[in-house]
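Worth saying up front: this structure is predicted, and the values here are computed from it rather than measured. Values reported hereafter were calculated over all heavy atoms of this structure, with side chains retained and with hydrogens, waters and symmetry mates removed.
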Amino acid sequence: MYSLIAGAALFVCCAYIGLGVSDWYKKRRLFFDALIDYLDALERGIKYAKTPLPKLTRDFAADKKGDLFVMLREQFAEDTADGKSKSKTLLLTSYEKKAVSDMLASLGKYDTDTQLAELGRYRALFEPIRAASAKKYDTTGKLAAKLGVLAGIAVMLTLA
């Protein structure tokens, strides 16, 4: 009886770990998808609507959840003094954190043409990272969830 309970507990643990790893890859993919969408929205807003960046950002990030939207709300909050994002996301490498932070800090510091060129440069920087994160999620992330469940079943069968 106790081996069955221990096996079930280990099954839940293994499945939870596998699903957690899968969720990390999914959040990373969603972060970079949203970042590219944000750059597109900024480009459209600057080119055609001539809307101020803080308003564009507030409209884009309103009522959305995720690490990127937290960063955007922090960056363009009226009470932010230094303009640096203090987000402690675990989704990004230190290089990516610095690149996103630099991108957010550079917004609104240039004239329209230069700002559009900077947005294009950051899009070119983040697009391969987005593609790699999507590919990693499709392979490693989905596989981690399945392997976690299978490892849990194997442990449960071994103990039963």
Look at the side-chain heavy atoms of Ile, Leu, Val, Met, Phe, Trp and Tyr, link any pair under 4.5 Å apart, and say whether Phe126 and Tyr95 land in one connected group. yes
Criterion side-chain contact (heavy atoms from CB on, under 4.5 Å) on Leu116 and Lys47, from CA distance to verdict: CA-CA 8 Å; Leu116 289 171; Lys47 267 185 187 177; 3.7 Å; yes
To check you understand the geometry: which heavy-atom pair defines the closest contact between Pro128 and Ala124, and what is its length? CD-O, 3.1 Å
When you measure from the side chain of Thr158 to the backbone of Ala154, do you find a donor-acceptor pair of N or O atoms at a distance under 3.5 Å? yes
Residue pair Ser133 / Phe31, side-chain heavy-atom distance below 4.5 Å: no
Sub-4.5 Å side-chain heavy-atom contact between Ile129 and Arg28: yes
When rounded to the nearest 0.5 Å, the distance separating CD of Glu43 from CD1 of Ile46 is 8.0 Å
Is the centre of the Phe60 ring less than 6.0 Å from the centre of the Phe69 ring? yes
Should Val70 and Arg73 count as side-chain neighbours, where that means a heavy-atom distance under 4.5 Å? yes
For atom CG of Leu90, is the number of surrounding heavy atoms from other residues, nucleotides or ligands below 6.0 Å larger than 12? no
Identify whether Tyr48 and Leu39 are in the same connected component of the hydrophobic contact network (ILVMFWY, side-chain heavy atoms under 4.5 Å). no
Is the closest side-chain heavy-atom distance between Glu127 and Ile36 below 4.5 Å? yes
Are Val149 and Val12 co-members of a hydrophobic cluster defined by side-chain heavy atoms under 4.5 Å apart? yes
Heavy-atom closest pair (Leu68 atom, Ala34 atom, distance to 0.1 Å) is CD2-C, 3.4 Å
Ignoring hydrogens, what is the shortest heavy-atom contact between Ala6 and Leu159? Give both atom names and the distance. C-CD1, 4.2 Å
CG on Asp23 to OH on Tyr16, rounded to 0.5 Å: 9.0 Å
Does NZ belonging to Lys98 count more than 12 external heavy atoms closer than 6.0 Å? no
Spell out, as yes or no, whether a donor-acceptor pair under 3.5 Å connects the side chain of Ser22 to the backbone of Gly18. no
Within one Ile-Leu-Val-Met-Phe-Trp-Tyr cluster: Tyr2 and Val155, side-chain cutoff 4.5 Å: no
Give, for atom CD of Glu96 and atom CZ of Phe32, the distance between the pair rounded to the nearest 0.5 Å. 4.0 Å
Check the pair Thr57, Tyr38 against side chain to side chain donor-acceptor pair (under 3.5 Å), reporting the backbone distance first and the verdict last. CA-CA 8 Å; Thr57 301; Tyr38 175 61; 2.7 Å; yes
Before giving the answer on side-chain contact (heavy atoms from CB on, under 4.5 Å), spell out for Met71 and Val100 the whole-Å C-alpha distance, their side-chain angles and the decisive distance to 0.1 Å. CA-CA 9 Å; Met71 284 180 172; Val100 170; 3.8 Å; yes
Do Leu119 and Leu107 have side chains that get closer than 4.5 Å, going by heavy atoms? yes
Could you report the tightest heavy-atom contact between Ala41 and Leu56, atom names first, then the distance? O-CD2, 4.3 Å
CG-CG distance between Asp33 and Asp37, expressed to the nearest 0.5 angstrom: 6.5 Å
Just verifying a value: how many Å separate Leu53 CG and Leu104 CG, rounded to the nearest 0.5 Å? 11.0 Å
Value rounded to 0.5 Å, distance of NZ in Lys109 from OG1 in Thr114: 14.5 Å
Min side-chain heavy-atom separation Leu42-Gln115 under 4.5 Å: no
Electrostatic pair Glu118:Arg123 at N-O distance under 4.0 angstrom: no
Ignoring hydrogens, what is the shortest heavy-atom contact between Ala99 and Leu125? Give both atom names and the distance. CB-CD2, 3.8 Å
Is there a side-chain contact between Arg29 and Trp24 in this structure, where contact means two heavy atoms from C-beta onward sitting under 4.5 Å apart? no
May I ask you to test the Asp67-Leu30 pair for a side-chain heavy-atom distance under 4.5 Å? no
